[in-house]
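Report on the structure given below.
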Amino acid sequence: MTSRLDRIAQKRREKLERIRARGINPYPYRYHRSHTTQQAVALLKQQEESSSKAEAPVVNIAGRVMANRPMGKISFLDIRDSSGKIQLSFHSDLLSEASLKLLKDIDIGDIIGVSGRLFRTKSGEPTLEVENLTLLAKSLQPLPEKWHGLSDIDKRYRQRYLDLIANTEAKEIFQMRSQIITAIRQFLNRRGFIEVETPVLQPSAGGALARPFITHHHTLDQNFYLRIAPELHLKRLIIGGFDKVYELGRTFRNEGISTKHNPEFTMLESYETYADYNDVMAMLEEMVAEISQQVLGRDKVEFGSNTINFKPPWPRLELRQAIIKYSGIDFEKYPDADSLKAEMLQLKMEVDPQKDRGRLIDELISTFVEPNLIQPTFLLDYPVEMSPLAKIKPDNERLVERFEAFAGGMEIANAFTELNDPIEQRQRFLGQQKERQIEDEIVETIDEDFLLALEYGMPPTGGLGVGIDRLVMLLTGQPSIRQVILFPQLREKP
RNA sequence: GGGCCGCUAGCUCAAUUGGAAGAGCAGCUGACUCUUAAUCAGCCGGUUACAGGUUCGAGUCCUGUGCGGCUCACCA
């Protein structure tokens, strides 16, 4: 009746008790480590290259036992820490009685500390000849298989720690993610941007068109939305006199989950005064290329079957021309939703009758254009009805100064010359509210506080939003957003 | 939410047309003084995701449920 897992766990608990019975704490408080495994290997190499014949120094290292190869009087164990791995050898002749006894109760998965001298085996493997063994944490669960790792995708997400232990590639992705985010901060800080934090809990969810999550504050007895964009608060800071601000943080959208969407995701937004969307374009392409250089050491990255080259300048393509090129439809010829819809039906597209003109154009982009934009590309100049926060083009009142950046067939950034006319902004909000209420979707409240702020005067500003998870996907070559989020959203298991 | 696919031991995977549920790793016992996916001998290990149905007989066929993957829709 007992499963194998039960019996393995039972055996390990017995070992734990045996260890305790000998007066050893299997979960001690600290361990003085002198070197990481990587440093220890480097030390050995350095010693070998120096002319001095001095005896190897004693080092203390710690890590998780990953393999055990007992061979009579010698046992070889591999341990791993976050820097790498190293082989340990245990000679029964050189070990104390206590360490020898303890070694018998060490399992794969245990965390141990060892001290001894470094040497190289006949086959050239850097090895620590252990003189002293300390158990630092007993593991009671068996690890995934050593050769194939953990491949059950569900388990990899739910028990990410096992994925990180068993699959070194998984760990590397998240190390790279951290480096990418560090590189972004360095880039912006160097240019004089300051990093700020604005509310996640907001009385109205503005700055984008998306369904928000709703939550409730008990003391205030008030509902709040989780932000769908930090945009409107960052602009308040521009009004307040900060010239260049950015926020790098979590944003929440209560929408479908896919390989490109997670309900909570990380977004960068930056705002720079006295800049327009052309300045922002130049900054973005420079930033992405620089991050790629800094993290990968090159401009190019393999993504699926394509090689993406981030080297600036990226092609700039007018949205209208792009849609003509890939679908044959010129949206300027169809000034209203009905005529555009009719044309789209001609192409045998299934068109939602509820959609307004902006959303129809959006569908043309995602259906025909986006999948073709593998190399980094800017699409410029969007219809005003899809961009309520962007400034109209000086020579065409139906278009705004907005761009979206695409790469690998995904949108990775969205930016515009920010609308700073408070009266026009109010009209745009009202128009948008009307559209949305027709669809009885979410009743949007207008952010009056933001409009008031705008009335005090906002300098001309270029704003940018970058989907960090997607950027990480590109730079790490991952086809699914879940592979670059440590704990992606999953349905709870019963 | 729709469509397609998947779920077998702790892990990685087999199981022919519906005919006795198996292997490797891990674990346990033993051997072995340079192994490194160590090797050798032996042993242990199953609610085949869950519930029902068809059948003499179901891992396999049917229905439903759960979870996941891909995809479409929703959506930037």
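In what follows, chains are A, B, ... by sequence order, proteins preceding strands, each numbered from 1. Because the structure is predicted, anything quoted here is derived from the model rather than measured.
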[N], OP1 or OP2 - any side-chain N/O from [X] closer than 4.0 Å?
X: A:K155; N: B:C11; result: yes
X: A:R491; N: B:G68; result: yes
X: A:S89; N: B:U35; result: no

Whole angstrom value for the distance that separates P of B:A37 from CZ of A:R69: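 Computing the A:R69:CZ to B:A37:P distance gives 7 Å.
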Choose from [options] the nucleotide whose nearest atom is closest to any side-chain atom of [X].
X: A:D152; options: B:U33, B:U12, B:G69; value: B:U12
X: A:L490; options: B:G68, B:U12, B:C34; value: B:G68
X: A:D93; options: B:C70, B:U12, B:U33; value: B:U33

Got a list of protein N/O to nucleotides 27-31 of chain B N/O distances below 3.5 Å?
| residue | atom | partner | partner atom | Å |
| --- | --- | --- | --- | --- |
| B:C28 | OP1 | A:K15 | NZ | 2.5 |

Sugar-phosphate only, base, or nothing, as touched by A:G149 at under 4.0 Å among non-hydrogen atoms: sugar-phosphate
Could you work out the separation of [N] and [M] based on their [atom1] atoms and round it to a whole Å?
N: B:A41; M: B:G24; atom1: P; value: 11 Å
N: B:U16; M: B:A21; atom1: C1'; value: 15 Å
N: B:A38; M: B:A49; atom1: P; value: 31 Å

Pairing string, 5' to 3', for RNA chain B - Watson-Crick or wobble contacts under 3.5 Å, brackets [ ] where pairs cross, | to another strand: (((((((..((((.....[..)))).(((((.......))))).....(((((..]....))))))))))))....
Check: B:U35 base within 3.5 Å donor-acceptor of A:Q87 side chain: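 Counting by modelled atom types and ignoring angles, a donor-acceptor contact under 3.5 Å is found here.
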Any N/O donor-acceptor pair, A:S151 side-chain to B:U12 base, under 3.5 Å: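 Checked by distance alone, the answer is no.
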